[in-house]
A.B. asks: 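After the structure tokens below, expect a handful of questions from me.
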Amino acid sequence: MPTPDPFARIQLLQGDITRLNVDAIVNAANSRLAGGGGVDGAIHRAAGATDLQNACRQLAGCNTGDAKITPGFNLPAQYIIHTVGPVWSGGNHDEPRLLASCYTRSLELALQHNIASIAFPAISTGVYGFPFEQATEIALRTVTAFLSETDAIQKVILIFFAPDQHATAERIHQRLAKT
């Protein structure tokens, strides 16, 4: 029976996603799964770029809003779930739905692989330009809705590299928890 309060299984942290001891971390990837800048580049470097790039090549890319999984290689996490967030184009090109799909598809893969703990970065909020507050609210609402349907995933971490983003996310989380 799912927990009555899925918010209790969501934790917000400030720090480096590559150092988290969870079953899986989520990579904000590009559609080629080729490694890049920001969190994507950091994950590739920490996991071992050659091994991770070889595994990603076998996946033949990933569509926006979808997710694929690889081993975690040199990371503390056993798996890396790669998801491709939307590039912000003003909000009228299905960006909110596609961003929500990134979280849903990643959580679906987590269920399929018996992953009990998973950590997400702030998908699409870097060079893809998605407004941070809107993206964070979408993430929290999507994860909460998903967790309300299952108790198999015991912990979801949303991790933010910048302290100011973490503080903003905490405010949004507290506001949503009251509704």
Side-chain angles (χ1 to χ4, degrees), residues 1-29 38-39 42-43 64-67 76-77 79-179:
M1 175 180 210
T3 183
D5 182 12
F7 267 93
R9 291 185 280 155
I10 299 172
Q11 183 179 11
L12 278 62
L13 297 177
Q14 189 269 316
D16 181 349
I17 196 169
T18 67
R19 297 178 183 265
L20 291 179
N21 189 7
V22 292
D23 296 335
I25 63 169
V26 176
N27 180 20
V39 72
I43 289 171
T64 301
D66 201 1
Y79 296 104
I80 303 167
I81 297 175
H82 308 267
T83 191
V84 181
V87 174
W88 182 257
S89 298
N92 297 316
H93 296 91
D94 222 12
E95 299 98 329
R97 183 193 66 77
L98 289 167
L99 182 60
S101 180
C102 290
Y103 289 92
T104 301
R105 288 291 302 128
S106 296
L107 291 165
E108 288 170 350
L109 275 177
L111 281 180
Q112 291 170 13
H113 291 270
N114 299 312
I115 292 167
S117 60
I118 184 171
F120 288 91
I123 299 166
S124 285
T125 63
V127 296
Y128 284 16
F130 208 111
F132 179 80
E133 290 189 24
Q134 184 179 354
T136 301
E137 185 163 334
I138 290 168
L140 286 165
R141 288 185 186 280
T142 304
V143 169
T144 301
F146 195 92
L147 292 179
S148 71
E149 299 296 322
T150 182
D151 60 359
I153 298 174
Q154 298 168 5
K155 179 168 55 172
V156 175
I157 296 171
L158 301 183
I159 187 161
F160 305 92
F161 192 74
D164 60 323
Q165 288 184 335
H166 176 253
T168 299
E170 284 285 359
R171 284 192 301 275
I172 295 167
H173 186 247
Q174 289 170 5
R175 177 177 49 83
L176 292 176
K178 294 176 185 174
T179 59

A.B. asks: If every non-hydrogen atom of Asp151 is compared with every non-hydrogen atom of Gln154, which pair is closest and at what distance?
C.D. replies: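 Residues Asp151 and Gln154, closest heavy atoms: O-CG, 4.0 Å.
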
A.B. asks: Looking at every heavy atom in both Ile123 and Gly85, which two are closest together, and how far apart are they?
C.D. replies: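 Of all heavy-atom pairs spanning Ile123 and Gly85, the closest is CG2-CA, 3.9 Å.
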
A.B. asks: Counting distance only, does the side-chain N/O of Thr104 pair as donor-acceptor with the main-chain N or O of Ser101 below 3.5 Å?
C.D. replies: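 Answer holds: no.
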
A.B. asks: Work out which heavy atom in Asp23 is nearest to a heavy atom in Ala116; give both atom names and the distance.
C.D. replies: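 What the structure gives for the nearest pair is OD2-N, 2.8 Å.
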
A.B. asks: Determine the minimum heavy-atom distance between Asn27 and His82, stating which atoms define it.
C.D. replies: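 In terms of heavy atoms, the two residues are closest at ND2-ND1, 3.2 Å.
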
A.B. asks: Could you check if a side-chain atom of Ile25 sits within less than 4.5 angstrom of a side-chain atom of Ile159, using non-hydrogen atoms only?
C.D. replies: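 In short, these two side chains do not touch, never coming nearer than 4.5 Å.
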
A.B. asks: For the residue pair Leu109 and Tyr79, establish whether any side-chain heavy-atom pair is separated by less than 4.5 Å.
C.D. replies: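 Of all side-chain heavy-atom pairs linking Tyr79 with Leu109, none is under 4.5 Å.
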
A.B. asks: Determine whether Val26 and Pro121 make a side-chain contact, defined as any pair of heavy atoms from C-beta on separated by less than 4.5 Å.
C.D. replies: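 Answer yes - side chains close enough.
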
A.B. asks: In Å and rounded to the nearest 0.5 Å, what is the NE2 to CG distance from His173 to Leu158?
C.D. replies: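 CG of Leu158 is found 7.5 Å from NE2 of His173.
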
A.B. asks: Check Ser106 against Ile118 and note the closest heavy-atom contact, atom names and distance.
C.D. replies: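 Nearest heavy atoms, Ser106 then Ile118: O-CD1, 4.2 Å.
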
A.B. asks: Would Leu107 and Val156 satisfy side chain to side chain contact (heavy atoms under 4.5 Å, CB included), going step by step from the backbone distance to the final call?
C.D. replies: CA-CA 9 Å; Leu107 291 165; Val156 175; 4.3 Å; yes

A.B. asks: Should Ile172 and Arg175 count as side-chain neighbours, where that means a heavy-atom distance under 4.5 Å?
C.D. replies: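 A side-chain contact exists here, since the closest heavy-atom pair is under 4.5 Å.
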
A.B. asks: Flag yes if more than 12 heavy atoms outside Arg19 fall under 6.0 Å of its CZ atom; otherwise flag no.
C.D. replies: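 Open.
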
A.B. asks: Report the C-alpha separation of Arg171 and Thr168 in whole Å, then their side-chain angles, then the decisive distance to 0.1 Å, and conclude whether the side chain to side chain contact (heavy atoms under 4.5 Å, CB included) test is met.
C.D. replies: CA-CA 5 Å; Arg171 284 192 301 275; Thr168 299; 3.2 Å; yes

A.B. asks: Can you tell me how far CG of Asp94 sits from CG of Leu99, rounded to the nearest 0.5 angstrom?
C.D. replies: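 Reported value, rounded in 0.5 Å steps: 11.0 Å.
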
A.B. asks: Would you check if Ile138 and Phe130 make a side-chain contact, meaning some heavy-atom pair closer than 4.5 Å?
C.D. replies: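 Of all side-chain heavy-atom pairs linking Phe130 with Ile138, at least one is under 4.5 Å.
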
A.B. asks: Kindly check if the number of other-residue, nucleotide or ligand heavy atoms within 6.0 Å of CZ (Phe7) is above 12?
C.D. replies: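 Counting neighbours around CZ of Phe7, more than 12 heavy atoms of other residues, nucleotides or ligands fall under 6.0 Å, so yes.
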
A.B. asks: Would you confirm whether the ring centroid of Phe120 sits within less than 6.0 angstrom of the ring centroid of Tyr103?
C.D. replies: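 So the answer is yes for these two rings.
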
A.B. asks: Counting only heavy atoms not in Glu108, do more than 12 sit closer than 6.0 Å to its CD atom?
C.D. replies: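 Yes, CD of Glu108 has more than 12 neighbouring heavy atoms, counting only those of other groups under 6.0 Å.
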
A.B. asks: Answer with yes or no whether the side chains of Thr144 and Arg141 bring together a donor and an acceptor at under 3.5 Å.
C.D. replies: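 No, because no side-chain N or O of Arg141 sits under 3.5 Å from a partner of the opposite role on Thr144.
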
A.B. asks: Below 4.5 Å, heavy atoms only, C-beta onward: do Pro86 and His93 meet side chain to side chain?
C.D. replies: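 A side-chain contact is absent here, since even the closest heavy-atom pair is not under 4.5 Å.
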
A.B. asks: Evaluate side chain to side chain contact (heavy atoms under 4.5 Å, CB included) for Thr136 paired with Thr125, printing each intermediate quantity in order.
C.D. replies: CA-CA 9 Å; Thr136 301; Thr125 63; 5.6 Å; no

A.B. asks: So, the side chain of Thr83 versus the backbone of Ala28: is there a donor-acceptor pair under 3.5 Å, distance only?
C.D. replies: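 Side chain of Thr83 to backbone of Ala28: no pair is present.
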
A.B. asks: Between Leu111 and Phe146, does a side chain to side chain contact (heavy atoms under 4.5 Å, CB included) hold up when you go through it step by step?
C.D. replies: CA-CA 11 Å; Leu111 281 180; Phe146 195 92; 3.5 Å; yes

A.B. asks: Is a donor on one side and an acceptor on the other found under 3.5 Å between the side chain of Glu137 and the backbone of Glu133?
C.D. replies: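 Absent.
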
A.B. asks: Give me the atom names and distance for the closest heavy-atom approach of Ala24 to Ile115.
C.D. replies: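 Looking at all heavy atoms of both residues, the shortest contact is CB-CD1, 3.7 Å.
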
A.B. asks: Can you tell me how far CG of Leu12 sits from CD of Gln165, rounded to the nearest 0.5 angstrom?
C.D. replies: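 So the gap between those two atoms works out to 11.5 Å.
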
A.B. asks: If I take atom OG from residue Ser117 and atom CZ from residue Arg9, how far apart are they, to the nearest 0.5 angstrom?
C.D. replies: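 It is 12.5 Å, given to the nearest 0.5 Å.
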
A.B. asks: Tell me whether the rings of Phe132 and Phe160 are parallel (<30°), tilted (30 to 60°) or perpendicular (>60°).
C.D. replies: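 Rings of Phe132 and Phe160: perpendicular, over 60°.
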
